[in-house]
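These notes are about the structure you will find just below.
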Amino acid sequence: EAAPDTENEMLALPLATGDPTKVTVNGASVSLEDEMGPLVVNADGSLSRISNWSEMTPIERERTISILGKRNKLRLEKLKDEQGQAGEKPE
């Protein structure tokens, strides 16, 4: 029996689960949020992730999400205010 041609084999994308933060890999549901961590809104409006997220304990992750949620909200409000002021024309 001939060996399968693995050089030209097309790899399939993971199946969508309906939740954009989860994918199915080899039949198991994998949370991208758990693997990649939450988004961080930087002061300049750019986005990043926490580099050591995968090494954090569950309690550290919970606290980080709580702090980030509040900080991201404040930063987004500040950026929107600055953008609104930049769009206003002096009379």
Side-chain angles (χ1 to χ4, degrees):
E1 188 174 310
D5 185 11
T6 57
E7 284 185 41
N8 296 324
E9 184 179 338
M10 295 287 288
L11 298 177
L13 292 173
L15 297 174
T17 61
D19 181 349
T21 64
K22 293 185 180 187
V23 294
T24 302
V25 179
N26 294 329
S29 180
V30 177
S31 172
L32 297 176
E33 210 167 56
D34 288 346
E35 298 296 320
M36 299 171 63
L39 283 173
V40 177
V41 177
N42 298 312
D44 65 356
S46 62
L47 300 175
S48 61
R49 297 221 183 245
I50 298 170
S51 60
N52 66 332
W53 181 257
S54 62
E55 299 160 13
M56 289 180 155
T57 64
I59 192 72
E60 289 173 321
R61 289 181 178 193
E62 186 178 315
R63 290 178 181 158
T64 300
I65 288 172
S66 175
I67 292 168
L68 276 179
K70 293 172 188 173
R71 189 174 71 190
N72 284 351
K73 182 179 177 184
L74 291 172
R75 286 184 174 173
L76 286 171
E77 288 172 359
K78 182 181 178 193
L79 289 165
K80 287 177 186 177
D81 288 346
E82 289 173 358
Q83 188 177 28
Q85 290 173 1
E88 293 176 5
K89 296 180 182 177
E91 293 182 26

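All values below were derived from every heavy atom in this structure, side-chain atoms included, with hydrogens, water molecules and symmetry-related copies excluded.
- Rounded to the nearest 0.5 angstrom, Q83 CD and K80 NZ are separated by 9.5 Å.
- Put simply, the side chain of T64 gets close to the backbone of E60: a donor and an acceptor are under 3.5 Å apart.
- L68 contributes atom CG, which lies 14.5 Å from atom CZ of R63 (distance to the nearest 0.5 angstrom).
- Residues K78 and D81 are not in side-chain contact: their nearest non-hydrogen atoms beyond the backbone lie 4.5 Å or more apart.
- Applying the 6.0 Å contact sphere to CD of E62 captures no more than 12 heavy atoms from other residues, nucleotides or ligands.
- D44 places a side-chain N or O within donor-acceptor distance of the main-chain N or O of S46, the cut-off being under 3.5 Å.
- Distance CZ/R75 to CG/N72: 7.0 Å, rounded to 0.5 Å.
- Through side-chain heavy atoms spaced under 4.5 Å, either directly or across other Ile, Leu, Val, Met, Phe, Trp or Tyr residues, V41 is tied to L39, L47, L76, L79.
- The CZ atom of R61 lies 10.0 Å from the CD1 atom of I50; values are rounded to the nearest 0.5 Å.
- Of the inter-residue distances, the one linking R71 atom CZ with I67 atom CD1 reads 8.0 Å to the nearest 0.5 angstrom.
- For R49 (side chain) and V40 (main-chain N/O), no donor-acceptor pair under 3.5 Å exists by modelled atom type.
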